[in-house]
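All of these numbers come straight from a predicted model, not from anything done at the bench. FYI, the numbering just counts along the sequence from 1. In what follows, every heavy atom counts, from backbone to side chain, and hydrogens, waters and symmetry copies are set aside.
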Amino acid sequence: MSRLRDHLTRELAAKVQAYGVVVWDDAAAEYPQAAVSIAPDGVRFEAFAGSWFELRRRIEDAIAGEEPPSLIIYGPGPPPADDPLAEARSAGTEFTRRLSTLVGQAMAGELADARVRQIASRARTLEEAEAAIAGNGDGDVRLIALL
C-alpha cells in the first residue's frame with residue numbers, strides 16, 4: 001500500500017473508531033477507483049453505484065441495528081439536495097479529504113516541498129498522485145500518470 005493510502009486508511013480507521021458510521025464525501029471524485037481498497041480491515045464499505053436511494057437501502061440494516069456499526073459509506077460527487085444519507089450522517093460523521101491535502105500531509109518531509117506542491121496541485125486522482133510520487137522526478141504529474 002502506498003504512503004498516501006496508508007495515511008488515508010489510518011484517518012478513516014480513527015473516524016470509524018470514534019463514530020461508527022463515516023460518510024465519505026468525495027465531491028471532486030478523486031478516489032473512486034481506490035476507495036474500497038482504502039477501507040480499514042473489518043470495516044464494512046458501501047459505495048454509491050448510481051442511486052443514492054439504493055445505497056440508503058443497502059446500509060439500512062447497519063443504521064437500524066442495535067449494535068454500533070463499523071461502516072464507511074462512500075459517495076463520489078456531491079450528494080443530492082434531498083439527501084437519503086441524512087440519517088447516516090447524523091448517526092455518525094462526515095469525512096472529506098481533498099487529494100491536495102492528503103499529498104501535503106502524507107508526503108511532508110519525504111519529498112521536496114516544491115515537488116509535494118506540484119503533485120498536490122496537478123494530480124486529479126489518487127492514482128495520478130501515486131504515479132507521480134513513484135516517478136520521483138520532476139516530470140509532469142499528468143504525463144507520468146498516463147505513462
Side-chain angles (χ1 to χ4, degrees), residues 1-59 62-63 68-81 83-147:
M1 198 178 294
S2 76
R3 188 175 189 89
L4 298 177
R5 290 176 194 243
D6 285 343
H7 188 88
L8 197 52
T9 298
R10 285 192 306 274
E11 283 187 305
L12 285 166
K15 291 286 187 182
V16 169
Q17 178 71 30
Y19 298 97
V21 176
V22 177
V23 181
W24 181 2
D25 290 316
D26 181 15
E30 295 169 319
Y31 306 98
Q33 302 302 317
V36 69
S37 70
I38 293 168
D41 291 337
V43 175
R44 180 175 166 189
F45 179 86
E46 295 289 344
F48 176 81
S51 168
W52 291 102
F53 292 101
E54 187 270 336
L55 175 56
R56 166 59 195 219
R57 187 179 46 63
R58 280 190 281 136
I59 64 163
I63 302 299
S70 288
L71 173 65
I72 295 173
I73 306 161
Y74 175 78
D83 186 6
L85 302 179
E87 186 178 354
R89 291 176 197 282
S90 65
T93 191
E94 295 179 73
F95 177 80
T96 57
R97 180 66 65 237
R98 289 301 312 260
L99 183 59
S100 59
T101 301
L102 175 65
V103 169
Q105 291 173 344
M107 300 312 296
E110 295 295 316
L111 295 175
D113 289 344
R115 183 65 176 154
V116 170
R117 284 191 305 275
Q118 180 189 45
I119 293 169
S121 68
R122 294 187 183 164
R124 292 188 308 183
T125 65
L126 179 64
E127 292 80 9
E128 285 182 7
E130 289 173 324
I133 290 165
N136 206 17
D138 292 328
D140 181 80
V141 171
R142 309 288 328 284
L143 181 59
I144 290 171
L146 289 173
L147 297 175

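Judged by distance alone, with hydrogens and angles left aside, the side-chain atoms of Thr9 form no donor-acceptor pair with the main-chain N or O of Pro40 at under 3.5 Å.
Shown here are the side chain to side chain contact (heavy atoms under 4.5 Å, CB included) partners of Ala28, two or more places apart in sequence or in another chain: Glu30, Arg98. Evaluation of the salt bridge (Lys or Arg N to Asp or Glu O under 4.0 Å) rule for Asp25 yields Arg89 as partners, not counting sequence neighbours. By the salt bridge (Lys or Arg N to Asp or Glu O under 4.0 Å) test, Arg117 pairs with no residue at all, sequence neighbours left out. For Thr93, the side-chain hydrogen bond (donor to acceptor under 3.5 Å, both in side chains) test picks out no residue, with sequence neighbours left out. Residues passing the ring pair (Phe, Tyr, Trp, His ring centres under 6.0 Å) test with Phe45: none are found, sequence neighbours excluded.
A salt bridge does not link Glu128 to Arg122: none of the charged side-chain nitrogens sits closer than 4.0 Å to a carboxylate oxygen.
In this structure the side chain of Tyr74 never reaches within 4.5 angstrom of the side chain of Ile38, judged on heavy atoms. Two residues are said to be in side-chain contact when any heavy atoms from C-beta on lie closer than 4.5 Å; Val116 and Val103 meet this criterion. Residues Met107 and Arg115 are not in side-chain contact: their nearest non-hydrogen atoms beyond the backbone lie 4.5 Å or more apart.
The side chain to side chain donor-acceptor pair (under 3.5 Å) analysis of residues 45-57, with sequence neighbours excluded, yields the pairs Arg44-Glu46, Glu46-Arg58, Glu54-Arg58, Arg56-Glu60, Arg56-Glu87.
Here Ile119 contributes atom CD1 and Leu4 contributes atom CG; the two are 8.5 Å apart, rounded to the nearest 0.5 Å.
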